[in-house]
Every structure is written in C-alpha cells, then in structure tokens.
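Remarks on the structure that follows.
Numbering starts at 1 and runs along the sequence shown. Each ligand, and each atom within it, is numbered from 1 in the order the structure gives.
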Amino acid sequence: MTLAIMGAMPEEIAPILEKLENYKTTNYAGNRYYEASYNGIKLVIAYSKIGKVFSTLTATTLCEHFGAKKLLFSGVAGAISHKLKIGDLIVATQLTQHDLDITAFGHPFGYVPEGAVFVEADKEMIEISKEVAKEMGKSVQEGIIATGDQFVANEERKNWIGETFGADALEMEGASVAVVCDALDVPFFILRAISDAADMDASFSFDEFLETSAVESAEFVMRMVDKLSR
Ligand code: ADE
C-alpha cells in the first residue's frame with residue numbers, strides 16, 4: 001500500500017522527513033517527491049507550495065503518478081473558532097472553498113455547478129485520529145476548514161468566513177486536496193495545527209509559530225501513519 005503525506009510548505013513536511021531513516025527523491029512536474037519504506041508500507045511525501053493550484057497539482061500527482069491509496073495532509077491554519085488556540089489541532093470533517101464566488105448567478109458561496117459547497121473527509125481516518133488523540137493525551141477538535149487563495153489577516157473577513165460556512169479554521173490548500181481525492185476516490189485526512197488567529201497580528205503569529213505548530217501536526221500525522229501501517 002502506498003500512503004501519501006502532504007504539506008504546503010517545507011516546514012510542514014520537514015519533521016516527517018526527519019523521522020525517516022532514508023528516502024529517495026524524485027523530481028516530477030516541477031516538484032520534489034520523497035519516497036520511503038516505513039513499517040512495511042510505501043510512503044510518498046511532498047510539499048506542494050502554497051495555495052489551491054499547487055496543492056491540486058501535488059495531490060493529483062501523489063494519487064495518479066505515485067499511486068497513493070490514502071492521503072494525509074499535515075500543516076498549519078488560522079483559527080476562526082475561539083476555542084482554537086495556538087498549537088491546538090483541528091481535524092477537518094468537511095472542507096470548503098471560501099473564495100469561490102459565482103453568487104452573481106444565484107449560487108451560494110463555495111458552489112459551482114456539478115460541485116459541492118462541502119467535501120467530506122474520510123470518516124475511518126477521523127475515527128483513528130480519535131484513538132491517536134487519546135493515546136497521546138491530546139485534545140483534538142473536529143470542524144469545518146475553509147480554504148482560499150488568501151492569507152487572512154483581517155477580523156472582518158475571518159468572521160465572514162466563519163458565519164458563511166460555519167468554519168472553525170482557515171488555510172490555503174485543504175479544500176483543493178479534498179476535491180482531488182474525492183474525485184479520485186482516495187480517502188483523505190486533513191490535520192492542521194493553529195499558527196495564528198487570522199486577525200491583524202496573523203502574519204507575525206504565523207512567522208513565530210509556523211515551525212512549532214507544524215511539528216505538532218506532523219507528530220500526530222506520523223502516529224496516524226503508525227496505526228494505518230499496522
Ligand atoms: N494558514 C495559517 N494561517 C493562515 C491564515 N491566517 N490565512 C490563510 N492560511 C493560513
């Protein structure tokens with residue numbers, strides 16, 4: 001079985017590569033892919049670069065070129081819910097594109113014909129994440145993650161996303177990865193650790209907490225991989 005682990009930025013996959021003894025690097029479609037054997041399964045790991053377009057390309061490549069049968073995303077997010085603090089983990093139950101707007105034609109935000117406002121993450125992996133959280137003694141929240149090609153550093157925009165989609169956190173890749181995996185029938189799991197509150201201090205907070213929050217997320221995802229490879 002081949003399992004994909006994906007991030008958007010180098011910092012998001014560095015803690016995962018550090019855990020592997022050795023891996024093979026392949027350049028493909030303008031990106032680097034890292035392949036390793038782990039607990040008897042094959043892992044393929046990559047960061048996509050930021051945003052929906054690059055993450056679509058990478059998720060598609062992981063599934064179609066490298067044959068990933070499951071995909072786990074590890075990274076950081078901005079909090080919308082007041083319950084989420086820096087370093088806290090959120091597991092996406094559903095993902096949506098907050099910047100997808102053809103409301104001029106009477107459609108809801110996040111919708112295009114033949115698409116769906118929300119894409120659901122794999123329920124089995126969400127169940128496994130509950131076991132992992134228990135074993136690690138961590139409280140992990142579940143919720144809706146909203147994705148857009150925008151670093152949100154504005155209270156008003158953040159609140160609009162929260163109210164319009166019922167979203168708990170926001171980032172820039174989850175929903176595009178979800179659309180790809182859903183279309184290709186590849187079960188997916190999206191985990192994010194909070195790096196900022198998507199407010200006026202977001203860029204400073206992001207710079208300060210990117211690495212530590214990315215480590216929180218990556219450690220959890222590797223515990224998921226341990227369970228999935230058993
Ligand atoms: N990822 C982490 N923080 C974010 C923010 N404030 N906006 C978009 N993506 C993010």
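In this structure, a donor-acceptor pair under 3.5 Å is present between the side chains of Asp226 and Tyr38. Side-chain contact check for Thr58 and Asn31: at least one donor-acceptor pair (N or O, by modelled atom type) lies under 3.5 Å. With no hydrogens or angles considered, no side-chain donor-acceptor pair links Gln141 and Lys83 at under 3.5 Å.
Using bins of under 30°, 30° to 60° and over 60° for the plane-to-plane angle, the ring pair Phe189/Phe220 lands in the parallel bin. Relative ring orientation between Tyr28 and His65 is described as parallel, the plane-to-plane angle staying below 30° on a 0-90° scale split at 30° and 60°.
Within the structure, the closest approach of Lys158 to ligand 1 does not fall below 4.0 Å when heavy atoms are considered. Not a single heavy atom of Ala153 sits under 4.0 Å from any atom of ligand 1.
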Applying side chain to side chain contact (heavy atoms under 4.5 Å, CB included), run through Glu211 and Glu208 and close with a yes or a no. CA-CA 8 Å; Glu211 274 182 46; Glu208 188 175 349; over 6 Å; no

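Residue Ser195 has at least one heavy-atom neighbour below 4.0 Å for each of these atoms of ligand 1: 2 (C), 3 (N). If you number the atoms of ligand 1 from 1 as listed, the ones under 4.0 Å from a heavy atom of Gln150 come out as 7 (N), 8 (C). The ligand atoms of ligand 1 that sit less than 4.0 angstrom from a heavy atom of Phe206 are 2 (C), 3 (N).
At a 3.5 angstrom cut-off on N or O pairs, Glu171 does not count as close to ligand 1. No N or O atom of Ala198 sits closer than 3.5 Å to an N or O atom of ligand 1.
The side-chain heavy atoms of Ile45 and Tyr23, taken from C-beta on, include no pair separated by under 4.5 Å.
Atoms CG and CZ, on Leu62 and Phe188 in that order, are 14.0 Å from each other to the nearest 0.5 Å.
For atom 7 (N) of ligand 1, the nearest non-hydrogen atom of the protein is Val152 N, 2.9 Å. Closest protein heavy atom to atom 4 (C) of ligand 1: Phe151 CE1, 3.4 Å. Protein heavy atom at the shortest distance from atom 3 (N) of ligand 1 is Asp196 OD2, 2.6 Å.
At a heavy-atom cutoff of 4.0 Å, ligand 1 is contacted by the backbone of Ala77 but not by its side chain.
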